[in-house]
Amino acid sequence: RKLNKNYAMSIYDLGELMTHNKVLINHLEAYADKLQQRVDLIDSYVEIMKEKIARAQRMDHDPPSCFSFMRHMQFDWPNILWYLEQQPGEAQATGISLLYSDLPTTKDLEETLNGLWRIQTIYNLNGSDMAKGLLMGVQHNYSTTPFEGYTIAKYLAKWGDYAKAKDWISVALDLYQADEDYWDLYEQQGLSAENLYELYVEVLNNLSEDKERPLSTMIETLKRHPKNHNLKRALTRLEMSHRIGEEPQEQESEDQDDFLDCCSRECRRGSRLYCLYNTTATAFLRLAPLKMELLSLDPYVVLYHDVLADREMSLLKLMAQRDLVRAVTYNATEKKHSEDPNRTTKAGWLDPSHNLIRRMGILTEDMSNLDLERSEDFQVLNYGIGGHYAVHPDFFEGSNPELPDRVATLLFYLSDVPLGGATVFPLLDLSVFPKKGAVLMWYNLDHKGQGMEKTIHSACPVVVGSRWVMTKWVNQQPQLFRRPCLRE
Ligand SMILES: O=C(O)CCC(=O)C(=O)O
Ligand SMILES: [Fe+2]
């Protein structure tokens with residue numbers, strides 16, 4: 001399958017990128033084999049040529065020996081030259097270059113770093129813990145390298161988050177200091193002490209913090225490496241900025257959303273709510289009642305438990321996997337759908353004529369008692385690295401002239417999420433953590449067809465896991481008899 005790039009937008013497609021990686025490694029290995037064969041062959045030529053010289057030196061200048069020498073010089077050397085001029089491993093190099101355009105781009109890298117930053121911000125994580133692979137108290141198989149720490153810090157500084165940049169550059173510097181044996185290697189890869197210290201100073205300047213510490217650690221380091229020019233240069237600059245005492249730049253205000261507190265812990269509303277077996281929404285439910293948890297009465301939000309079977313969910317994901325593309329949002333100013341950093345997920349629409357999808361439609365009617373006529377198709381979403389959907393309403397109230405308004409939303413959870421990824425309603429103090437097979441339903445419009453602001457919601461950033469959901473946005477227009485408009 002041709003991958004639809006935007007790798008940071010879907011954990012599933014990021015996994016697919018692994019297959020590219022395997023092909024690339026195979027090419028590289030074959031390339032090395034070809035080179036090795038060449039070296040072996042040239043070695044054996046050297047032996048043969050040496051042997052011929054030895055024989056020529058011993059010859060009696062009899063005509064057959066002269067002929068042998070002549071033939072050797074006339075024939076063998078041009079032959080060897082021809083061989084040396086051949087490019088070995090051309091096919092393998094071409095194979096690698098063919099995949100070049102499928103490699104992640106700078107944009108992909110930036111979006112990945114943006115995902116990291118989002119996780120760190122929303123869940124209030126500590127940079128030095130993250131650098132050790134410790135996320136929300138769970139240890140993962142990761143520890144940062146000086147280069148990675150530096151890259152993260154550099155982007156954080158670029159985005160003006162100097163406080164977080166400081167954590168990461170400190171970690172990078174500590175690792176670098178402890179890793180003297182690798183300094184040449186780092187330098188080769190493009191990371192010098194100068195880079196590290198310069199960024200450190202830039203970050204401290206912007207935090208208007210004391211520069212005594214970098215200055216003294218650097219002087220210490222320089223004592224051990226008196227010949228390191230990069231260090232010397234960095235020290236001069238550091239001393240200069242220390243003397244001048246550069247003005248700290250205006251610190252960007254931290255717009256911490258305590259709004260999204262409910263991303264980190266499960267928020268549930270008052271005591272008058274309860275669970276029941278829903279047997280009334282449609283006649284079918286009398287035969288097969290659904291376990292329903294009432295989460296909010298106004299606006300109406302319910303969670304159905306154990307609705308989907310594993311087999312159904314696997315199939316739904318499989319059907320969507322084929323053509324996941326980056327999800328878009330409607331931009332009212334530009335009057336078109338476009339990529340949006342507020343929605344970092346990939347989406348695939350499902351074919352409504354498929355049997356399973358028809359069954360999903362019936363199930364949705366059973367749960368909602370709404371008519372799905374002219375509703376948008378089911379959409380399966382797989383979230384990306386730190387993937388989220390910032391706070392938004394699902395209703396339009398005319399903001400999107402292309403679509404009729406959405407009276408209700410049904411959100412099917414097709415996977416569990418080990419860490420993060422709750423759906424939150426910040427104005428309701430409500431959060432729902434994904435549970436595979438459950439379905440969340442809420443009304444977006446009130447009985448007069450007006451959007452209810454309280455239904456604004458968000459998908460919190462995924463910390464760990466591949467988060468799959470399926471949405472059904474229900475069209476308001478055909479609900480005349482199902483959910484009639486009420487007068488005040
Ligand atoms: O994935 C979620 O939890 C929410 C998705 C959502 O709000 C949407 O797609 O409109
Ligand atoms: Fe939504």
Side-chain angles (χ1 to χ4, degrees), residues 9-12 115 118 122 259-260 262-264 266-267 295-296 299 301-304 308 313 316-317 320 324-331 337 339-350 364 368 375-397 399-400 403 405-428 430-445 451-463 465-476:
M9 293 298 130
S10 153
I11 295 291
Y12 177 77
R118 197 178 306 121
I122 301 260
F259 216 47
L260 291 177
C262 294
C263 283
S264 308
E266 190 174 75
C267 299
L295 296 181
S296 163
V301 185
V302 295
L303 182 63
Y304 288 101
L308 299 178
M313 290 184 275
L316 290 169
K317 286 181 271 192
L324 286 173
V325 292
R326 179 172 182 165
V328 289
T329 58
Y330 187 79
N331 187 321
H337 286 88
E339 284 186 8
D340 181 349
N342 285 323
R343 192 180 189 202
T344 52
T345 172
K346 280 189 186 177
W349 297 97
L350 297 180
T364 305
S368 63
S375 281
E376 292 155 86
D377 287 338
F378 283 100
Q379 188 183 44
V380 168
L381 301 164
N382 180 245
Y383 282 77
I385 300 165
H388 78 142
Y389 193 171
V391 181
H392 66 281
D394 279 357
F395 58 80
F396 300 123
E397 287 203 310
S399 69
N400 181 348
L403 290 170
D405 221 337
R406 298 156 166 174
V407 62
T409 301
L410 286 98
L411 184 65
F412 296 69
Y413 294 109
L414 304 184
S415 69
D416 291 318
V417 179
L419 268 184
T423 305
V424 301
F425 296 78
L427 299 183
L428 300 181
L430 175 67
S431 54
V432 178
F433 281 78
K435 207 167 126 265
K436 199 174 173 186
V439 179
L440 186 65
M441 181 196 132
W442 69 91
Y443 286 124
N444 296 304
L445 305 180
M452 294 184 279
E453 193 57 28
K454 281 181 174 176
T455 63
I456 56 168
H457 55 280
S458 159
C460 301
V462 177
V463 183
S466 187
R467 184 183 195 268
W468 291 93
V469 298
M470 178 170 80
T471 54
K472 185 63 161 180
W473 290 304
V474 186
N475 183 347
Q476 169 207 24

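Every number for a ligand or one of its atoms is a count from 1 in the order of the listing. In what follows, every heavy atom counts, from backbone to side chain, and hydrogens, waters and symmetry copies are set aside.
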A.B. asks: Quick check: does Asp394 get an N/O under 3.5 Å from an N/O on ligand 1?
C.D. replies: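 There is such a contact, yes.
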A.B. asks: Check whether any N or O atom of Ser458, backbone or side chain, sits under 3.5 Å from an N or O atom of ligand 1, and answer yes or no.
C.D. replies: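 Among all N and O atoms of Ser458, none is under 3.5 Å from an N or O of ligand 1.
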A.B. asks: How wide is the angle at the Fe ion (ligand 2) spanned by His392 NE2 and Asp394 OD1, rounded to 10 degrees?
C.D. replies: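 Roughly 90°, rounded to 10°.
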A.B. asks: For the residue pair Asp394 and Thr455, confirm or rule out a side-chain donor-acceptor distance under 3.5 Å.
C.D. replies: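 Side-chain D/A pair, Asp394 to Thr455: absent.
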A.B. asks: Are any non-hydrogen side-chain atoms of Thr423 and Tyr413 less than 4.5 angstrom apart?
C.D. replies: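 In short, these two side chains touch, coming nearer than 4.5 Å.
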A.B. asks: For the residue pair Ser399 and Tyr330, what are the closest heavy atoms and their distance?
C.D. replies: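 So the two residues come closest at O-CE2, 3.2 Å.
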A.B. asks: For ligand 1, which atoms, with element, lie under 4.0 Å from some heavy atom of Tyr383?
C.D. replies: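 Listed by number with element, the hits are 1 (O), 2 (C), 4 (C), 5 (C).
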A.B. asks: As an exercise, identify every atom of ligand 1 less than 4.0 angstrom from a heavy atom of Arg467.
C.D. replies: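 What qualifies from ligand 1 is 1 (O), 2 (C), 3 (O).
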A.B. asks: Any idea which atoms of ligand 1 are less than 4.0 Å away from a heavy-atom of Leu411?
C.D. replies: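 Near Leu411, the atoms of ligand 1 are 2 (C), 3 (O), 4 (C).
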A.B. asks: I'd like to check which ligand 1 atoms, numbered from 1 as shown, lie under 4.0 Å from a non-hydrogen atom of Trp473.
C.D. replies: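 Contacts of ligand 1 toward Trp473, numbered from 1: 8 (C), 9 (O), 10 (O).
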A.B. asks: Show which atoms of ligand 1 fall inside a sub-4.0 Å distance from at least one heavy-atom site of Arg343.
C.D. replies: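 Ligand 1 atoms under the 4.0 Å threshold to Arg343: 9 (O).
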A.B. asks: To check your reading of the model: name the closest protein heavy atom to atom 6 (C) of ligand 1, its residue, and the distance in Å.
C.D. replies: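 Looking only at protein heavy atoms, the one closest to atom 6 (C) of ligand 1 is Tyr389 CD1, 3.7 Å.
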A.B. asks: Show the nearest heavy-atom pair for residues Arg326 and Asp340, with the distance to one decimal.
C.D. replies: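 Nearest heavy atoms, Arg326 then Asp340: NH2-O, 3.5 Å.
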A.B. asks: Got an N/O contact under 3.5 Å between His392 and ligand 1?
C.D. replies: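 Yes; the residue has a nitrogen or oxygen that sits under 3.5 Å from a nitrogen or oxygen of the ligand.
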A.B. asks: With the side chain counted from C-beta on, respond yes when Glu397 and Asp405 share a heavy-atom pair under 4.5 Å apart, and no when they do not.
C.D. replies: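 Side chain of Glu397 against side chain of Asp405, heavy atoms only: contact under 4.5 Å found.
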A.B. asks: For Ser415 and Ser466, indicate whether the former's side chain and the latter's backbone hold a donor-acceptor pair under 3.5 Å.
C.D. replies: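 Pair found, side chain donor or acceptor close to backbone of Ser466.
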A.B. asks: Between Arg406 and Leu445, what is the shortest heavy-atom contact and its length?
C.D. replies: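 Scanning both residues, the minimum pair turns out to be O-CG, 3.6 Å.
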A.B. asks: List every atom of ligand 1 that sits less than 4.0 Å from any heavy atom of Thr423, numbering the atoms from 1 in the order shown and giving each element.
C.D. replies: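 Here the atoms of ligand 1 in question are 2 (C), 3 (O).
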A.B. asks: Hey, which N, O or S atom on His457 ends up closest to the Fe ion (ligand 2)?
C.D. replies: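 Of all N, O or S atoms belonging to His457, NE2 is the one nearest the Fe ion (ligand 2).
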A.B. asks: For residues Tyr12 and Lys346, determine if any side-chain heavy atom of one lies less than 4.5 Å from a side-chain heavy atom of the other.
C.D. replies: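 No, every pair of side-chain atoms sits at 4.5 Å or beyond.
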